[in-house]
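Written below as structure tokens is the structure these notes are about.
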Amino acid sequence: MPRRLKPADFLRDAPEMARLLIGAVLLVDGVGGRIVETEAYDREDPASHSHSGPTPRNQAMFGPPGRAYVYRSYGIHWCLNFVCREEGHGAGVLIRAIEPLAGVATMIERRGLHEPRLLCSGPGRVGQALAIVHALNGHRLDQRPFAVHAADRDYDVVVGPRIGITKAADVPWRFGMAGSKFLSRGFPK
DNA sequence: TTGGGGATCTTCT
DNA sequence: GAAGATCCCCAAC
């Protein structure tokens, strides 16, 4: 079993961290799988929640690295980020898609779907399938219910522009596992 | 296969 | 008052 990531492993800038997390395994209470899609956000980035400085909503992004930043998306979904870089900077990685490996029956029940490809292919879907709730905001990623294991080998990574944003829409800070069938959508050639 | 609308909440203008 | 790091369902092509 590959080693678990600890807070010191998150002392990197957001794009580097986002790429490194492709192939890592995320479990929440034993439910989860392999991360196949991420996006990087940074304080200098106009599309980031942290761009305008700390607020009650985004304070976890300015806390210690190696913790979760959980936010409500479109008033409905809970989305999960990993805080990275140094404390106080406001950098993070959005977990956009996972290949389901563990606790698949639980995910099927939570999602109300049985199609494996649709269980975790999108940030809101990941939140629902892994039971991400706001109580996990600011929670350490190396302590229960979280467990993050480093990638077991090198994976080919594809890069492209981020999804669903209007500012800095051309910045290529979206990362995906090449050839994965569990991406939220394809990458442009 | 593509496109529009609804659900629902926080932040900022 | 509007927009947003989204998803789902239905209608129309």
Distance, rounded to the nearest Å, where [X] contributes [atom1] and [N] contributes [atom2]:
X	N	atom1	atom2	value
A:Asn81	C:dT6	CG	C1'	14 Å
A:His77	C:dT6	NE2	P	9 Å
A:Tyr74	C:dG4	OH	C1'	4 Å
A:Ile76	C:dC9	CD1	P	12 Å

TODO: Give a yes or no on this: more than 12 heavy atoms of other residues, nucleotides or ligands lie within 6.0 Å of atom CD of A:Glu44.
DONE: yes
Task: DNA chain B contacts among residues 114-138 of chain A, heavy-atom distance under 4.0 Å - done: none
Open item on the list: Among residues 32-66 of chain A, which ones have heavy-atom contacts with DNA chain B below 4.0 Å?
Closed with: A:Thr55, A:Arg57
Task: Rounded distance [0.5 Å steps], CZ in A:Arg85 versus CZ in A:Arg43 - done: 11.0 Å
Task: Nearest-0.5 Å distance that lies between atom CD1 in A:Ile132 and atom CZ in A:Phe146 - done: 4.5 Å
TODO: Please say whether the positively charged group of A:Arg162, taken as NZ for Lys or CZ for Arg, lies over the ring of A:Tyr41, i.e. under 6.0 angstrom from the six-membered ring centre and within 45 degrees of the axis.
DONE: yes
Enumerate donor-acceptor pairs with a distance under 3.5 Å from any side-chain N or O in residues 25-35 of chain A to protein atoms, sequence neighbours excluded.
from    : atom 1 : to       : atom 2 : distance (Å)
A:Arg34 : NH1    : A:Gly23  : O      : 2.9
A:Arg34 : NH1    : A:Asp152 : OD1    : 3.4
A:Arg34 : NH1    : A:Tyr155 : OH     : 3.2

Open item on the list: Heavy atoms only, 4.0 Å cut-off, all strands: where does A:Arg174 land among base, sugar-phosphate and nothing?
Closed with: nothing
Task: Touch class at under 4.0 angstrom, heavy-atom based, for A:Ile165 against every strand present - done: sugar-phosphate
Taking all atoms of both residues into account, what is the closest heavy-atom pair of [X] and [Y], and its distance?
X	Y	result
A:Ala168	A:Pro46	CB-CD, 4.1 Å
A:Glu39	A:Ala18	C-CB, 4.3 Å
A:Gly124	A:His77	CA-CB, 3.8 Å
A:Ala178	A:Val158	CB-CG1, 4.0 Å
A:Ala91	A:Asp42	CB-OD2, 3.8 Å

- [ ] Determine the interplanar angle of the A:Tyr69 and A:His49 rings, folded into 0 to 90°, and report it as parallel if under 30°, tilted if 30 to 60°, perpendicular if over 60°.
- [x] perpendicular
- [ ] Applying side-chain hydrogen bond (donor to acceptor under 3.5 Å, both in side chains), name anything that partners A:Asp13, two or more places apart in sequence or on another chain.
- [x] none
TODO: Quote, to the nearest angstrom, the P distance that separates B:dT2 from C:dA5.
DONE: 25 Å
TODO: Could you give the distance separating B:dG5 and C:dC13 at their P atoms, to the nearest angstrom?
DONE: 15 Å
- [ ] Treating a pair as Watson-Crick (purine N1 to pyrimidine N3 plus N6-O4 or O6-N4) or G-U wobble (N1-O2 and O6-N3) with both distances under 3.5 Å, list the stems of 3 or more consecutive pairs that involve DNA chain C.
- [x] B:1-7 with C:6-12, B:9-12 with C:1-4
Open item on the list: It should be established whether A:Arg96 places a side-chain nitrogen or oxygen under 4.0 Å from OP1 or OP2 of nucleotide C:dT6.
Closed with: yes
TODO: With a 4.0 angstrom cut-off to heavy atoms of chain A, pull out the first and last contacting nucleotide of DNA chain B, in 5'-to-3' order.
DONE: B:dA7 to B:dC12
Open item on the list: Between A:Leu94 and A:Trp78, is there shared hydrophobic-cluster membership here, with clusters defined by ILVMFWY side-chain heavy atoms closer than 4.5 Å?
Closed with: no
Task: Stepwise side-chain hydrogen bond (donor to acceptor under 3.5 Å, both in side chains) check, A:Arg111 with A:Gln128 - done: CA-CA 7 Å; A:Arg111 294 274 296 118; A:Gln128 187 182 18; 2.7 Å; yes
- [ ] Between A:Leu113 and A:Thr166, just flag the one whose closest nucleotide in DNA chain C comes earlier from the 5' side.
- [x] A:Thr166
